[in-house]
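Taking it in order: structure first as structure tokens, then the write-up.
Naming convention: chains lettered A, B, ... in sequence-line order (proteins, then strands); numbering from 1 in each chain.
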Amino acid sequence: MLPKGPYQPQSTEEEILAFWLENNFYSPEYKSEKKLSTSNQPDRETFSIVLPPPNANGNLHLGHMSGYAYQDLMGRYNRMKGKKVLLLPGKDHAGILTEVVFEKELEKEGLSKKALGREEFYKRCYDFCIKNSENARRQEKNIGLSADFDRELFTLEPKIVDEVLKAFELMYEDKLVYRDKRIINWCPRCQSALADIDTEFKDSQSPFYYFKYAFTEPETDAIRLKNEFNGKVIEWDFERNSTKEGSDRLPFSFGNYQNFEIIGIGYGDEQKGKLSGKVIGIQMRLDKNFRLVVLNQETEIDIKHELDKIFLFEIQHYAGAHIILFDEYSEDRFYTNGFILGTVRPETKFGDTALAVDPDDKRYKEFVGKEFEVRTLLGTSKINVISDNAVDESFGTGMVKVTPAHSPEDWDIAKRHPDEAFPEKQVIDFNGKMNHLAGKYQGLSVKEARKAMLEDMKSAGMLVYLDENYTNRIRICERCKYPIEPLISYQWFVDTEPLKSEAKRLVEEGFTDIMPEGKKKTYMQWMESKEDWCITRQLWWGYRVPVWYKGEHSQYITETGEVKEKIGDKIINNPEDYNGLIYVGHDNPNSRKTYFIPGKHGYMSRKIFPEIAEKYPNTITVQVENIDEPSQEDYANGLKDYDLKNSVIIAHSMGCPAIINYISENNTPIEKLVLIAPKLIFKEKDRAKRYTKMLEDLRLDKLETLVKELVIIYSDNDEHVTLEDISESIKKQLPYAKYVLQKDADHFATPELDIFPEYLWEVIKDNGNQLNISVLRHGETEYNKLGKFHGITDIELNETGREQAHEAKEKLGAHYDVIISSPLKRARQTAEIVNEKLGLKIIENDLLKERDFGNLEGLTWEEFSEQYPNEASKNHIDFQPELEKGERIEDVEKRLREFINWLKTSGYKNPLIVTHAGVIRVIERKLNNLTPEQSRENDPKNLELRNYKLSAAEWVQDEDVLDTWFSSGQWPYLTLMVKEGDFNEFYPSQVMETGWDILLFWVTRMMLLNPYRAKKLNPKRTDEQIVPFKSVYLHGLVLDKNGIKMSKSKGNGIDPFEMMQKYGTDALRYSFIKGNSAGQNYRLYEEKVSSNRNFCNKIWNASKFVLFNIEDCGEKLINTNQTELNFTQEDKDMLEQIDKLAVETTRRLDEFKFGIAADELYESFWHYFADVYLEKIKTRLYTKDRDGNAINTSEEEMKSRFSAQWLILYSLETYLKLLHPFIPFLTEKIWQSLPKREEESESIMYSEWPV
RNA sequence: GGGUAGUUAGCUCAGCUGGUAGAGCAUUCGCUUGACGUGCGAAAGGCCACAGGUUCGAAUCCUGUACUACCCACCA
């Protein structure tokens, strides 16, 4: 029985939720022991929804909750229909948003991103997200979301990360991902590139500057400037003060004022006297030969204001005309001819590369295609005039400055006029400050520069007009609202074209359906648009791009303002320059090994391979048993202990067929395979009977897919292989290999190391040591002699020290290319002395300074022990880890790591470094991986020279991370790949349910990337099998009572949990659904929730009534068949009503008309079942009248009563089932109290849907 | 500039296979001992934006207009 009183949602929900969770009902794998449970239906179809992952950090708001209500509704409905349902939850790392949030979090602790370093930051941020995601997960459970939480995934989970990076690699290979220089949105605050979609617009009132590029030679070009008004040349009749047509008006108007009297004419000044003293008017120099002076006769108007308006109008329409306001400006200022242009961003004008006009604009026709020298704030410069359709002749002056580096539109224009408008000139740096091209404005922020330039343009007479009332829209960062700076930068992009046309087709052909219909068009329109999708962000929080550069890479701005990229010391000028400098793959190419596979014969295998392997790290000679007569098995045994994946392999002779077979068999991808004298492969089949098997097995067919770069080195005078053989045999079979001819005799048997083929050296050096560092300790000082510690105490060399240095210089080799010295005197002096012989450049580097010993400075150990006994006891004469003042050892290590990194990229190959004992120790430790204790006994003596080798050409990983949409765009694929078998079972999912506002952000990108991945996984998948979901249902957004979008900043949000507390989760869920339709925003306010709470209460009370009135029936009710009963007309009506409703509800749900279904259920349950039917049958149900006398006692009455009892139970159960997807908790609670058959499901979740 | 949706009761919205309009809230009146006042019964309130068309019949389908909201692009 149900308890008395109104429905109490809180306690019921708690109880029911625990029941569901404990029984694992949410898992698609759930199986019940009860026979009637729908989980036991044979051959269940699957039904999956991959849920949109909310930000792991965030609290869930109404928007999330409404989504869950819809998703869960579908899940529960389909579960009851007997489907195997998976609702797959996840949490998003939300890239830039979280990074900003977490940075603020760190600030609170007095920490910063930089102080933590990348790894630590990532780790902490990860923990932060995981911790906070518990919150969201709890909220999801509380709303009753029946998702399989055991499958929940975080977007940065290692397995997901692997898959995301793999997508990048695949797309790179397919050329769908490429690196290029583009104009991008740069957020100077976030210090990151952003995609268009990560930006917003804000209306802004920005002054609009009309300024003039004045010709340096005023009269030449200016003369040709013609002014045509409305298509005709004005001809003014001076005599009659009218135009040639006889009108006394100009063939155009000044703003709204028609009644201007034209009183001044002619170039001569005969009329001037008439104007003196009272003229406030406009003088237009329409042509070289005359001007017009116009006087306003209206006295009541604000003449200054009106003239401003007119003036602006004239500037805009009669560009090139020279206009003067008499009392404002002196005449001369405007008599210089030039081009007037308008802009809101004068500071970018240093980046102008051309001036553009509308091709149809007659005013400028004869200037197009010519170059002019004009005056600028920084002197003069030459500039081209081009014509382009992007220019609108009616806007501004009809002439635009083209600044390709700072405006996306101008970049596009420039691309169409590469010769005139390129290369770009970037004048603003990544911090939003003016750079070297801005002359005296360098270093100013964009805002400051604008202000300074305004003043300068005014005084230089360049400013023609300033329109203070201009409104435009500026792009701002979606996350931090900082204005975006369009800049040119090298980034990674996705080529969306081919993906878009595919995504468009899949919807057009109906493999994915989008609801509501109207949004399909929005989708199509987006799929037709063009976009360079920039997928790299300069952040730490996210998937670090699996890209490696050969050496440090950087972007910089050249003297002329061109943006360039440098990798190592190579400058990238075109895409081909990246060849060999970029490695894409998420293994670290630095740890890539070089393997030598020896053959049976020769000096190469026996001597050279082992010698090199010993000398170079990461180089290994594979040991092969029975190398005199090796078999395939011998090779396989030798190789099996090594991970050859993505390695470099150099094989000789018999090693060649062996390795080819081995990698083919194991499908091992190889970065580079070098085959030296692989003659046996091609020639010696008949001769080498012993190797027949190896050669017969030879699988050249797979090489092309497995080996990225294949090199074959052959010898032209090999007795076995001739050039002809090569061309006939090998090249035909391996046309993609690179062939290297070794001219000399058969090198590979020659005992001379130095004729080892040059090419091989290159290969090995990639992984080998290129940088030879020699480190020299300075000479003796007085303090050294006395045993006094001196770190930063700047003591000179003493006599002995100088002598030592002189001695040392004689012994030094001549191969150094630079001297790098600590700035302290003792080192610097030593460097200078030894350099007397070497004659090199000496560079000082602060990082090489000796450690600051704090209290120990200037003291001997004994003195120190006396003065600071405590401190001394914690340290040792040779090793001082615990100094109270001074520099910490870790800090010394840190700066030296920095120094070594700098050195690697400095370009020096053989530097001589002059520094201090402490520093040398640290360097040594770093390079030899020693602990401080291990290194302390090995102090270098004065002027002792030590040599180290370093790998200079290291691969350096790209610092950037991937755009969040790049990963969330693959979400269904990614999540279903994690658990074995899920992909095959649940992909494609049935529905994608989300708000329509992220259709263009997310749904489109999922349609771009998922089909691509699915097809890649298995090319045989059909269109139907590659789409990520069959239907997209876009729900409307939740608005507040006044129809305004809820937001934190407006404070108009409703807290869903407050509503749940107050009215119950079911009531809130019902409010999200009842009466709403796809794609339509709807308002949510407390009254709605409360009325739905009333509905829940109605269900509760009606159920109590039903249960109370069937109490006396016991087992009889559930064992009676409908056909055994005699129904009255009212019963039959009820029966018809409920049966029809079930059919109707099913239809509505199948058509995604959730809102209508909820309406109809509400109506039918309340206003028919409860209000009509239950009222009608009360007389049949009661066993006593008001006075307590027994009634309904005849057999017929008893029968009628039983029929009614049967029917109210039947109806109630049916209603509960139909309502369960909408109102899960309450319906479960009541269902539990209903009399049921033994084999009935233990939960309404798996009860059978009534149709 | 391109696109999408909307315009129905005082308010918020349903109603989209065409058959003289519905719900919630609000309003008015009545009802309280037996599931429920978080209730029951009743009432009032709409030429379904406008104009054409198709049809026996249009809130519903078509065309156009007006207004509103939103999205995309552009704004030198």
Using a distance-only test with no angle check, is there a side-chain donor-acceptor pair under 3.5 angstrom linking Y1173(A) and D1131(A)?
yes

Classify the side-chain pair S381(A)/Y213(A) by whether it contains a donor and acceptor separated by less than 3.5 Å.
no

Side-chain N,O ([X]) to OP1/OP2 ([N]) below 4.0 Å:
| X | N | value |
| --- | --- | --- |
| R345(A) | A76(B) | no |
| K521(A) | G3(B) | no |
| N1081(A) | C70(B) | no |
| H1167(A) | G41(B) | no |
| N1094(A) | G39(B) | yes |
| Y523(A) | C71(B) | no |
| S1077(A) | C13(B) | no |

Take atom [atom1] in [N] and the same atom in [M], then report the distance between them in whole Å.
| N | M | atom1 | value |
| --- | --- | --- | --- |
| A26(B) | U38(B) | P | 12 Å |
| C25(B) | U68(B) | C1' | 24 Å |
| G30(B) | U65(B) | C1' | 48 Å |
| U4(B) | G41(B) | P | 45 Å |
| A76(B) | A5(B) | P | 31 Å |
| A58(B) | C47(B) | C1' | 14 Å |
| G3(B) | U8(B) | P | 25 Å |
| U55(B) | U60(B) | P | 16 Å |

So which nucleotide from [options] ends up closest to the side chain of [X]?
| X | options | value |
| --- | --- | --- |
| K1104(A) | C72(B), A35(B), U12(B) | A35(B) |
| Q525(A) | A35(B), G3(B), G39(B) | G3(B) |
| R475(A) | U4(B), C74(B), A35(B) | C74(B) |
| K1098(A) | A23(B), G3(B), C36(B) | C36(B) |
| F208(A) | A73(B), A76(B), C36(B) | A76(B) |
| L1174(A) | U17(B), A35(B), G24(B) | A35(B) |
| R1147(A) | C74(B), C16(B), U17(B) | U17(B) |
| K401(A) | C25(B), A14(B), A76(B) | A76(B) |
| V344(A) | A76(B), G3(B), G24(B) | A76(B) |
| L1000(A) | G15(B), U12(B), C72(B) | C72(B) |

For atom [atom1] of [X] and atom [atom2] of [N], their distance in whole Å:
| X | N | atom1 | atom2 | value |
| --- | --- | --- | --- | --- |
| K1178(A) | G41(B) | NZ | C1' | 13 Å |
| K500(A) | C72(B) | NZ | C1' | 12 Å |
| Y1168(A) | C40(B) | OH | P | 16 Å |
| I413(A) | C74(B) | CD1 | C1' | 12 Å |
| K1153(A) | C16(B) | NZ | P | 8 Å |
| E1144(A) | A14(B) | CD | C1' | 14 Å |
| E1087(A) | U38(B) | CD | P | 16 Å |
| N1076(A) | G15(B) | CG | C1' | 14 Å |

For [N], the Watson-Crick or wobble counterpart (both distances under 3.5 Å):
| N | value |
| --- | --- |
| U20(B) | none |
| A69(B) | U4(B) |
| G37(B) | none |
| A51(B) | U63(B) |
| A42(B) | U28(B) |
| G57(B) | none |

Smallest separation among heavy atoms of S1091(A) and Y1162(A), with atom names:
O-OH, 4.2 Å

Just call it for [X]: base, sugar-phosphate, or nothing, with non-hydrogen atoms closer than 4.0 Å on any strand.
| X | value |
| --- | --- |
| A356(A) | nothing |
| D997(A) | nothing |
| F1154(A) | nothing |
| G518(A) | sugar-phosphate |
| W996(A) | sugar-phosphate |

Check the pair R345(A) / E485(A) against salt bridge (Lys or Arg N to Asp or Glu O under 4.0 Å), numbers first and verdict last.
CA-CA 11 Å; R345(A) 301 202 55 189; E485(A) 200 59 64; 2.7 Å; yes

Any N or O donor-acceptor pair under 3.5 Å from the base of [N] to the side chain of [X]?
| X | N | value |
| --- | --- | --- |
| E1163(A) | A14(B) | no |
| R1093(A) | U38(B) | yes |
| E1175(A) | C36(B) | yes |

Could you give me the CA-CA distance, side-chain angles and deciding distance for D410(A) and K401(A), then say whether salt bridge (Lys or Arg N to Asp or Glu O under 4.0 Å) is met?
CA-CA 8 Å; D410(A) 292 6; K401(A) 62 197 202 62; 5.8 Å; no

5'-most contact on RNA chain B: N1097(A) or S1091(A), nearest heavy atom basis?
S1091(A)

Would you mind telling me which residue lines up with the more 5' stretch of RNA chain B, Y1085(A) or Y1182(A), judged by nearest nucleotide?
Y1085(A)

Is K415(A) atom NZ crowded by more than 12 heavy atoms from other residues, nucleotides or ligands, each under 6.0 Å away?
yes

So which of F1222(A), Y1210(A), W1231(A), F1165(A) actually passes ring-ring contact (aromatic ring centres under 6.0 Å, His included) with Y1215(A)?
F1165(A)

salt_bridge(D1159(A), R1148(A)) N-O dist < 4.0 Å
no

F1169(A) ring centre to K1098(A) NZ or CZ under 6.0 Å, with the angle to the axis within 45°?
no

